Amino acid sequence: AAPKRKAAAAASAPLPPPASPSPPSSPPPPNKKAKAPATVPPPSPAAMSASAAAKAARIAAQLATLYPGPQPCPLDHANTFQLLVAVMLSAQTTDAAVNRVTPALFTAAPDAAALAALGAAAIEPHIRTLGLAPTKARNLAATAAALVERHGGRVPTDSWAALEALPGVGHKTASVLRAMAGHGDAFPVDTHIHRLAARWGLSDGSAVLRTEADLKAAFRGVRSEWGSLHVRLILFGREHCPARGHDKGACPVCSWAGV
């Protein structure tokens, strides 16, 4: 009889309340490492003026005389992938230093798939003589992997957003790649060009993106030459218009265009 009473008591016991439904899972947090493409501001009114365009046209003609013909990028490369790698390595170092290390690196990793497989630890010894080598090695490995995963190993020079979304690729690097690929919307600005634009009164020197916008406006009459023009400006800045020890009166352009 005792077992029957226990069974009856168990049967008459109230059932536990149903479990409340689980709240819907929240979406994953946004990727904090995702980069928004750089926003180039509109040009200043001064850069849009006829006087700025006239000065820029004279400067462009003078530089074309000093450095005639199409001007290749001073970073040694055989294809767009190698150019991307070389430009990424060029941050805070010289083109000559980059050109000394890239031949062995390109032999070890001739394409994006090979560079991704090589990995950051094996990339770093190739570039150890350059500044920021550990960071650059990590960025190169991550960028190579992204090229393989997102673009089939191809460098997406046809898209600003796709270029700037690559790890370690900023607006300047994307601009160089776009310019060298023949796109007419890129005017890369490095430290030399930024300095010259301010010295010649073509921009106020407040920010690199401001300088880019102003130079695009001032040199609008020679847009088809932007790819070679930006290289001519770099060469001129190195050879005739240095940051230190500059003689304005002896400078072929500052002597008449300097402000």
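Note: hydrogens, waters and symmetry copies are ignored here, and every other heavy atom, side chains too, is used. Please read these numbers as outputs of a predicted model, since none were measured by experiment.
The distance from atom NE2 of His240 to atom CG of Leu63, rounded to the nearest 0.5 Å, is 9.0 Å. One finds the CG atom of Leu75 at 11.5 Å from the CD atom of Gln82 (value rounded to the nearest 0.5 Å). Ile193 contributes atom CD1, which lies 5.0 Å from atom CG of Leu233 (distance to the nearest 0.5 angstrom). Of the inter-residue distances, the one linking Thr173 atom OG1 with Leu166 atom CG reads 10.0 Å to the nearest 0.5 angstrom. Going from atom CE of Met88 over to atom CG of Leu130 covers 12.5 Å, rounded to the nearest 0.5 Å. Considering CH2 of Trp200 and CZ of Arg195, their distance stands at 9.5 Å, rounded to 0.5 Å.
Taking every heavy atom of both residues into account, Gly170 and Glu164 meet most closely at O-CG, 4.2 Å. Closest heavy-atom contact between Leu118 and Ala108: CD2-CB, 4.4 Å. Pro74 approaches Asn99 most closely through the heavy-atom pair O-ND2, 3.1 Å. The minimum heavy-atom distance between Cys241 and Arg199, with the atom names listed, is SG-NH1, 3.1 Å. In terms of heavy atoms, Ala198 sits closest to Gly205 at CB-CA, 4.1 Å.
In the model, Ser175 has no side-chain atom that pairs as donor or acceptor with a side-chain atom of Arg178 under 3.5 Å.
Two residues are said to be in side-chain contact when any heavy atoms from C-beta on lie closer than 4.5 Å; Arg223 and Phe219 fail this criterion. In this structure the side chain of Asp204 never reaches within 4.5 angstrom of the side chain of Ser44, judged on heavy atoms. In this structure, Lys172 and Val189 have side chains that are not in contact, with every pair of non-hydrogen atoms separated by 4.5 Å or more. The side-chain heavy atoms of Arg154 and Pro156, taken from C-beta on, include a pair separated by under 4.5 Å. Between Val222 and Leu229 the shortest side-chain heavy-atom distance falls below 4.5 Å. Between Pro72 and Val231 the shortest side-chain heavy-atom distance does not fall below 4.5 Å. Looking at heavy atoms from C-beta onward, Leu202 lies in side-chain contact with Ile59 at the 4.5 angstrom threshold. You'll find the side chain of Leu105 reaches within 4.5 Å of the side chain of Leu115, heavy atoms only.
Checking side-chain atoms of Thr93 against main-chain N and O of Ser90 turns up no donor-acceptor pair under 3.5 Å. Checked by atom type and distance alone, the side chain of His126 never pairs as donor or acceptor with a backbone atom of Ile123 at under 3.5 Å. For Lys216 (side chain) and Pro43 (main-chain N/O), no donor-acceptor pair under 3.5 Å exists by modelled atom type. The closest donor-acceptor contact from the side chain of Thr65 to the backbone of Ala61 lies under 3.5 Å. No donor-acceptor pair closer than 3.5 Å links the side chain of Glu212 to the backbone N or O of Val208. When atom types are taken as modelled, the side chain of Gln71 and the backbone of Pro68 share a donor-acceptor pair closer than 3.5 angstrom. Of the possible donor and acceptor atoms, none in the side chain of Lys55 sits under 3.5 Å from a partner among the backbone N and O of Ala218.
Checked for salt-bridge contact, Glu225 and Arg232 meet the test: a charged N lies under 4.0 Å from a carboxylate O. A salt bridge is defined here as a Lys NZ or Arg NE, NH1 or NH2 lying under 4.0 Å from an Asp or Glu carboxylate O, and Asp76 with Arg100 fails to meet this definition.
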task = Carefully, step by step, assess His77 and Met180 under the rule side chain to side chain contact (heavy atoms under 4.5 Å, CB included).
result = CA-CA 11 Å; His77 64 283; Met180 293 295 99; 5.7 Å; no
task = Show your working on side chain to side chain contact (heavy atoms under 4.5 Å, CB included) between Leu215 and Ser203 and close with a plain yes or no.
result = CA-CA 7 Å; Leu215 291 182; Ser203 190; 5.5 Å; no
ask   = Are Asp95 and Arg238 close enough, and set up right, to give a side chain to side chain contact (heavy atoms under 4.5 Å, CB included), and what steps lead you there?
value = CA-CA 12 Å; Asp95 292 347; Arg238 291 173 178 171; 2.6 Å; yes
request  = Using the side chain to side chain contact (heavy atoms under 4.5 Å, CB included) rule, take Val169 and Leu84 through it: C-alpha gap first, then chi angles, then the decisive distance, then the call.
outcome  = CA-CA 9 Å; Val169 175; Leu84 169 61; 3.9 Å; yes
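Note on Val40 and Met48: separate hydrophobic clusters, where clusters join Ile, Leu, Val, Met, Phe, Trp and Tyr whose side-chain heavy atoms are under 4.5 Å apart, directly or indirectly. Taking hydrophobic clusters as Ile, Leu, Val, Met, Phe, Trp and Tyr residues chained together by side-chain heavy-atom distances below 4.5 Å, Phe187 shares a cluster with Leu235.
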Donor-acceptor contacts, no H, no angles, side chain residues 248-259, under 3.5 Å, sequence neighbours left out:
| from | atom 1 | to | atom 2 | distance (Å) |
| --- | --- | --- | --- | --- |
| Ser255 | OG | Cys251 | O | 2.8 |
| Trp256 | NE1 | Gln62 | OE1 | 3.0 |
| Trp256 | NE1 | Pro252 | O | 3.3 |

For residues 140-153, dump all side-chain donor-acceptor pairs below 3.5 Å to protein atoms at least two apart in sequence or in another chain.
| from | atom 1 | to | atom 2 | distance (Å) |
| --- | --- | --- | --- | --- |
| Thr143 | OG1 | Asn139 | O | 3.0 |
| Thr143 | OG1 | Pro167 | O | 2.3 |
| Arg150 | NH1 | Ala165 | O | 3.4 |

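Below 30°, between 30° and 60°, or above 60°: for His171 and Trp160 the angle between ring planes is below 30°, a parallel geometry.
Every side-chain hydrogen bond (donor to acceptor under 3.5 Å, both in side chains) that His194 has, sequence neighbours left out, goes to Thr211.
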